[in-house]
Amino acid sequence: MALIVKKFGGSSVKDAEHVKNVAGIIVDEYKSGNNVIVVVSAQGDTTDDLIEKAKEISPNPTKREMDMLLTAGEQISISLLAMAIETMGCPVISLLGWQAGFNTDSHHGIARIKKINTERMKTELAKGNIIIVAGFQGINKYDDLTTLGRGGSDTSAVAIAAAMSADRCQIYTDVDGVYTADPRKVKGAVKMDEVQYDEMLEMATLGAQVLNNRSVEMAKKYNVELEVLSSLERKPGTIIKEHTKMEKTLIRGVAKDTSVTTISLVGLNDKPGVAFKLFNKLAQYNVNVDIILQSVGRDGTKDITFTVSHEQCDDALKAIDAMKDVFECKEVKTNNSMSKISIVGAGMETNPGVAAKMFEALYDKDINIHMISTSETKISVLIDTELADRAVQAVHDAFIG
Ligand code: ADP
Ligand code: ASP
Ligand code: MG
């Protein structure tokens, strides 16, 4: 008897019909003789709708109360899914994150899993139950509910697979695997049979929404092989693992991240320690900084521009405000209509001219680049969001065709 962890995203359980379809997949697995633990997200756009509801009440709710609100989305979907399985005559129990043993740190809205107490899940499996766990949530040491960040149910699933030493971890979604670019947006995107953890991690971090990046990080760390597959069609998906048989191509995929805010500090003192103090404070506020650009100093001043996600813009501005007595800065400018387009691939390291080819593809479409960042396995450019889809298509055409 194997232990199978299955995760279903919001699109797979968006209404009663979809919930019943998912229940059918779970029951088939159970009836084939396996133990099944399921992680489920909130139905459809529930999480976004809850965020909108909060905005109607308060412009700046505390993160604790936001977590209290958002965890409700998954409470609805686990109970409905369990009811659907009950009607099919199988023993089932739904568990909230804390009931399933998810202990996290206290960073509300972006909590990290510290430990999973697996006792309850083991007891329920021993009773023969299918377990339905609310993804994206846990509890901190003060017994307050926490959430793991948007798309966090993927991480919940991988964490359970690791903690319970599952035989398989399957992430069901509304596409049938991982493609070279978002198959809903990019013509000619190609489905991949296998992807390495590192390439998937880059793709996910750079905006390929199909998997949450923390889930891939965790899968790599605990060597959990993942399969991304469709909840609507029963066919093999994409396997994510350490070593693949994929031939080395120049680039593996193109990703787009539209949640980019640039923050520019104009007229900073040009003296040692300014960058350290600024980014140290941002780290204290738990802000993840991405691309950083510093201008050449002139007349004793310089400018620093960096990017953060839309979600973290407010925290970044608070951190900067907390520094106002530490260094002088003439102006702070923000722009949240920027997108990051990236190419990813382990093969680019040894191939000169990849960056030039990417820039040429953008130049051909008259798309201006605002910032550039490179590493051994990726090249990212920052462009205006209104041009982002055209840019992804152009870059994908240039490399993958
Ligand atoms: P779920 O509700 O199952 O969590 P998500 O919406 O979070 O689903 O992720 C699935 C979506 O990810 C797909 O519908 C697709 O549009 C998008 N996507 C972006 N990049 C890729 C990619 N490279 N391969 C597959 N899907 C991608
Ligand atoms: N419901 C949460 C979200 O929309 C978690 C998830 O879908 O994974 O971000
Ligand atoms: Mg998702």
Side-chain angles (χ1 to χ4, degrees), residues 6-15 18 22 38-52 66-67 69-78 97 102 109-111 133-138 146-159 170-186 188-193 195 199-216 226-232 237-238 240 251-259 309 311 339 341-345 388-389 392-393 395-396 400:
K6 292 181 186 288
K7 179 258 169 178
F8 295 90
S11 49
S12 298
V13 291
K14 64 180 178 199
D15 53 26
H18 281 75
V22 164
V38 175
V39 172
V40 67
S41 302
Q43 290 185 287
D45 296 328
T46 302
T47 308
D48 291 326
D49 295 344
L50 290 172
I51 292 171
E52 286 308 311
M66 277 311 285
D67 277 356
L69 177 68
L70 298 190
T71 50
E74 272 72 12
Q75 181 159 1
I76 296 172
S77 54
I78 55 168
F102 275 79
I110 187 84
V133 179
F136 169 65
Q137 55 174 259
T146 53
T147 62
L148 308 179
R150 297 305 306 269
S153 298
D154 297 335
T155 312
S156 308
V158 176
Q170 298 175 304
I171 311 288
Y172 288 82
T173 183
D174 58 353
V175 289
D176 61 358
V178 179
Y179 282 68
T180 49
D182 187 340
R184 297 185 183 287
K185 297 260 169 69
V186 179
V190 182
K191 182 177 162 185
M192 295 180 272
D193 293 335
V195 190
E199 288 178 328
M200 191 65 237
L201 183 57
E202 285 280 24
M203 293 267 286
T205 304
L206 296 168
Q209 196 195 343
V210 64
L211 277 178
N212 174 282
N213 60 344
R214 278 189 181 178
S215 72
V216 184
L226 301 179
E227 183 181 10
V228 173
L229 69 172
S230 166
S231 60
L232 300 168
T238 301
I240 295 106
I251 72 157
R252 189 61 73 212
V254 185
K256 175 185 78 171
D257 181 356
T258 52
S259 169
S309 68
E311 271 180 336
S339 287
I341 309 298
S342 309
I343 54 174
V344 172
D389 286 335
V392 175
Q393 188 69 57
V395 172
H396 192 273
I400 295 164

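Whatever order the structure lists ligands and atoms in, that order sets their numbers, starting from 1. Numbering of residues begins at 1 and proceeds along the displayed sequence. Note that the structure is predicted; figures quoted are calculated from it, not measured.
- The closest approach between any non-hydrogen atom of Ser12 and ligand 1 is not below 4.0 Å.
- Atoms of ligand 2 found under 4.0 Å from any heavy atom of Gly151 (numbered from 1 in listed order, with element): 3 (C), 5 (C), 6 (C), 8 (O), 9 (O).
- The N/O atoms of Thr180, backbone and side chain alike, include none that comes under 3.5 Å of an N/O atom in ligand 1.
- In the vicinity of Val175, heavy-atom distances shorter than 4.0 Å reach the ligand 1 atoms 13 (C), 14 (O), 25 (C), 26 (N).
- For Ser153, the closest heavy-atom approach to ligand 1 does not fall below 4.0 Å.
- Sparse packing is recorded around NZ of Lys185, with 12 or fewer heavy atoms of other residues, nucleotides or ligands lying under 6.0 Å away.
- Of all protein heavy atoms, the one lying nearest to atom 5 (C) of ligand 2 is Phe136 CG, 3.5 Å.
- Using 4.0 Å as the threshold, Ala181 has a heavy atom nearer than that to some atom of ligand 1.
- The shortest non-hydrogen separation linking Thr238 to Met192 is OG1-O, 2.6 Å.
- Here the heavy atom of the protein found nearest to atom 4 (O) of ligand 1 is Lys7 NZ, 3.3 Å.
- In this structure, atom 4 (O) of ligand 2 lies nearest to the protein heavy atom Arg150 NH2, 2.9 Å.
- Taking a cutoff of 4.0 Å between a charged side-chain nitrogen and a carboxylate oxygen, Asp174 and Arg184 qualify as a salt bridge.
- One distance of note links OG of Ser153 with CD of Gln137; it measures 8.5 Å at 0.5 Å rounding.
- Looking at atom 13 (C) of ligand 1, its nearest protein heavy atom turns out to be Asp174 OD1, 3.5 Å.
- Ligand 1 places these atoms under 4.0 Å from at least one heavy atom of Ala208: 20 (N).
- With salt bridges taken as basic N to acidic carboxylate O contacts below 4.0 Å, none links Arg214 and Asp154.
- Note: Glu199 CD to Ile251 CD1 = 10.0 Å, rounded to the nearest 0.5 Å.
- Taking both residues in full, the closest heavy atoms of Val40 and Ser77 are given as CG1-OG, 3.8 Å, listed atom of the first, atom of the second, then distance.
- A donor-acceptor pair under 3.5 Å links the side-chain atoms of Thr146 to the main chain of Gly138, judged by distance alone.
- Closest to atom 25 (C) of ligand 1, if we only count protein heavy atoms, is Gly177 O, 3.3 Å.
- Residue contacts with ligand 1: Asp154 is placed with no nitrogen or oxygen under 3.5 Å of a nitrogen or oxygen of the ligand (distance criterion only).
- Glu227 contributes a side-chain N or O that, together with a main-chain N or O of Gly237, makes up a donor-acceptor pair within less than 3.5 Å.
- Closest to atom 6 (O) of ligand 1, if we only count protein heavy atoms, is Gln209 NE2, 3.1 Å.
- The protein non-hydrogen atom at the shortest distance from atom 7 (O) of ligand 2 is Ser41 OG, 3.3 Å.
- Close contacts of ligand 1 with Val178, meaning ligand atoms under 4.0 Å from a residue heavy atom, involve 24 (N).
- In this structure, Gly73 does not count as a contact residue of ligand 2, since none of its heavy atoms falls inside 4.0 Å of the ligand.
- Proximity annotation for atom 27 (C) of ligand 1: of Val190, Thr238, Val210, Val210 comes nearest, heavy atoms only.
- Where the criterion is an N or O separation shorter than 3.5 Å, residue side chain and backbone included, Thr47 meets it with respect to ligand 2.
- Residue Ser153 has at least one nitrogen or oxygen atom sitting less than 3.5 Å from a nitrogen or oxygen atom of ligand 2, judged on distance alone.
- Remark: side-chain polar atoms of Thr180 are paired, donor with acceptor, to backbone N or O of Val190 under 3.5 angstrom.
- Ser156 contributes a side-chain N or O that, together with a main-chain N or O of Phe136, makes up a donor-acceptor pair within less than 3.5 Å.
- Under a 4.0 Å criterion applied to the non-hydrogen atoms of Pro183, ligand 1 contributes the atoms 24 (N), 25 (C), 26 (N), 27 (C).
- Nearest protein heavy-atom neighbour of atom 24 (N) of ligand 1: Tyr179 N, 3.0 Å.
- The protein atom (non-hydrogen) at minimum distance from atom 3 (O) of ligand 1 is Thr173 OG1, 2.7 Å.
- Proximity of a side-chain donor or acceptor of Asp67 to a complementary backbone N or O of Gly109 within less than 3.5 Å is detected.
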Walk me through whether Val228 and Leu211 qualify under side-chain contact (heavy atoms from CB on, under 4.5 Å).
CA-CA 8 Å; Val228 173; Leu211 277 178; 3.9 Å; yes
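- The shortest distance between side-chain heavy atoms of Val133 and Phe102 falls below 4.5 Å.
- The heavy atom nearest to atom 20 (N) of ligand 1, considering only Val392, Asn212, Asp182, is found in Asp182.
- Neither the backbone nor the side chain of Lys191 comes within 4.0 Å of ligand 1, counting heavy atoms alone.
- Between the NZ atom in Lys256 and the CG atom in Asp182 there is a gap of 7.0 Å [rounded to 0.5 Å].
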